[in-house]
Amino acid sequence: MRKFLAKNAPGYIFLTPWLIGFFVLAIGPILISFYLSFTKYDIASPPKFTGLDNFDYMLFWDDRFWQSLKVTFAFVFLSVPGTLIFALAVAMALDKGIRAIGIYRALFYLPSILGGSIAVAILWRQLFSNNGVVNSFLALFGIQGPYWLSDPNYSLYTLVVLAIWQFGSPMLIFLAGLRAIPTELYEAAEIDAAGPVRKFFSITLPLLAPVMFFNLVLQMIEAFKTFNSAFIISDGRGNPLDSLLFFTLYLYNEAFSYFRMGYASALAWVLLLIIAAFTAVAFASSRYWVHYESDRG
């Protein structure tokens, strides 16, 4: 034991700041929120243990909880596939060896850097306002644009478009995956008179499956955690008519607008379980469509 400590002590000493931060700033709040999820707590008074009351109210009495789930699921199921498809299409276009590819990569990646910022959300709200750039452009062709942000039939789609616009990160990952596919496979397919569609479904997609899976999991988790754009565009309330009431936004309002910290903690744990469940399903299904080089070898 003494030899082990003497050999590894310097490493643990250097790890100490990180370990303190991990347990104090990560594990500690997680455990506290777990306890608070079973309490009634409004910050002003001590927590009062209430058992499963928060979860009972959430599941059987809270209509806004179910509305927030509906909005969040709709956003995830629309934005994640759209982002992946668009990112893959752009990556395949950039993989053709065009000139100044570095500039195109930087330009396409730029929205991913700015996408989560408050400034971009404000800009997006201006673009899709009733007299914004989008409706002004449609008016040039005699088209009366809808009220994108004030009509609940269209408001969610503005955020879906914003999410798809932030395709830079998965695009770069797809591009790296495409560069790793041996060109000999495409050359052999051309000898067999395979067309672009056949090569895409027989070579590109199967060999890109691990990268697709990686992007799918990351984009799905990020979609469930979407907050900034929904907060800015809906004025922090999920308007109009709760059509932008994302789960994270509802959680935020319960915690910091109504100071129902116990209920907000219960919502946070439900969100964690939802993300964990979807991630588990993705990993379980991956055995049927994701194949690695070691599996084929």
Answer whether the closest heavy-atom distance between the side chains of Asn228 and Val120 falls below 4.5 Å.
no
In this structure, CE of Met261 is separated from OG of Ser37 (nearest 0.5 Å) by 14.0 Å
Would you say NZ of Lys40 has more than 12 non-hydrogen atoms from neighbouring residues, nucleotides or ligands within 6.0 angstrom?
no
Nearest heavy-atom contact between Leu149 and Pro240 is O-CD, 3.2 Å
| CZ/Phe200: more than 12 non-hydrogen atoms of other groups inside 6.0 Å | yes
Taken to the nearest 0.5 Å, the spacing of Gln67 CD from Arg64 CZ works out to 8.5 Å
On a heavy-atom basis, the closest approach of Gln219 and Leu84 is CG-CD2, 4.0 Å
Which label fits Phe283 and Phe213: parallel for a plane angle under 30°, tilted from 30 to 60°, or perpendicular past 60°? perpendicular
Value for CD1 (Ile173) from CE (Met212), rounded to nearest 0.5 Å, stands at 12.0 Å
### Task
Please test Thr204 against Tyr186 for side chain to side chain donor-acceptor pair (under 3.5 Å), starting from the C-alpha separation and ending with a verdict.
CA-CA 9 Å; Thr204 305; Tyr186 293 108; 2.7 Å; yes
Shortest non-hydrogen pair, Leu88 vs Leu205, comes out as CD2-CD2, 4.4 Å
Handout entry: Arg198 atom CZ, over 12 foreign heavy atoms within 6.0 Å
Key = no
* Whether Phe128 and Trp124 hold their rings parallel, tilted or perpendicular, with breakpoints at 30° and 60° -> tilted
The reported gap from CH2 in Trp66 to CH2 in Trp61 (rounded to nearest 0.5 angstrom) is 14.0 Å
Is there a path of hydrophobic side-chain contacts, each under 4.5 Å between heavy atoms, that joins Ile274 and Phe60? yes
Scanning both residues in full, the closest heavy-atom pair of Ala189 with Ile203 reads CB-CD1, 3.7 Å
Carboxylate-amine/guanidinium proximity below 4.0 Å for Arg125 and Asp235: yes
Heavy-atom nearest pair, Leu94 first then Met171, reads CD1-SD, 3.7 Å
Classify the ring geometry of Phe38 against Phe34: parallel below 30°, tilted from 30° to 60°, perpendicular beyond 60°. perpendicular
* Asked: Would you say Phe73 has more than 12 foreign heavy atoms packed within less than 6.0 Å of its CZ?
  -> yes
To the nearest 0.5 Å, atom CG of Leu216 lies from atom CD1 of Ile221 at 9.5 Å
Given the options Asn153, Asn135, Thr158, Trp148 meets side-chain hydrogen bond (donor to acceptor under 3.5 Å, both in side chains) only with Asn135
In short, Ala230 meets Leu159 closest at the heavy-atom pair CA-CD1, 3.9 Å
* When you look at CZ of Phe55, are more than 12 heavy atoms from neighbouring residues, nucleotides or ligands closer to it than 6.0 Å? -> yes
Query raised in the report: Ring centroid separation for Phe75 and Phe247, is it under 6.0 angstrom?
Result: no
Interatomic distance, CG@Asp151 vs OH@Tyr157, rounded to 0.5 Å, equals 11.0 Å
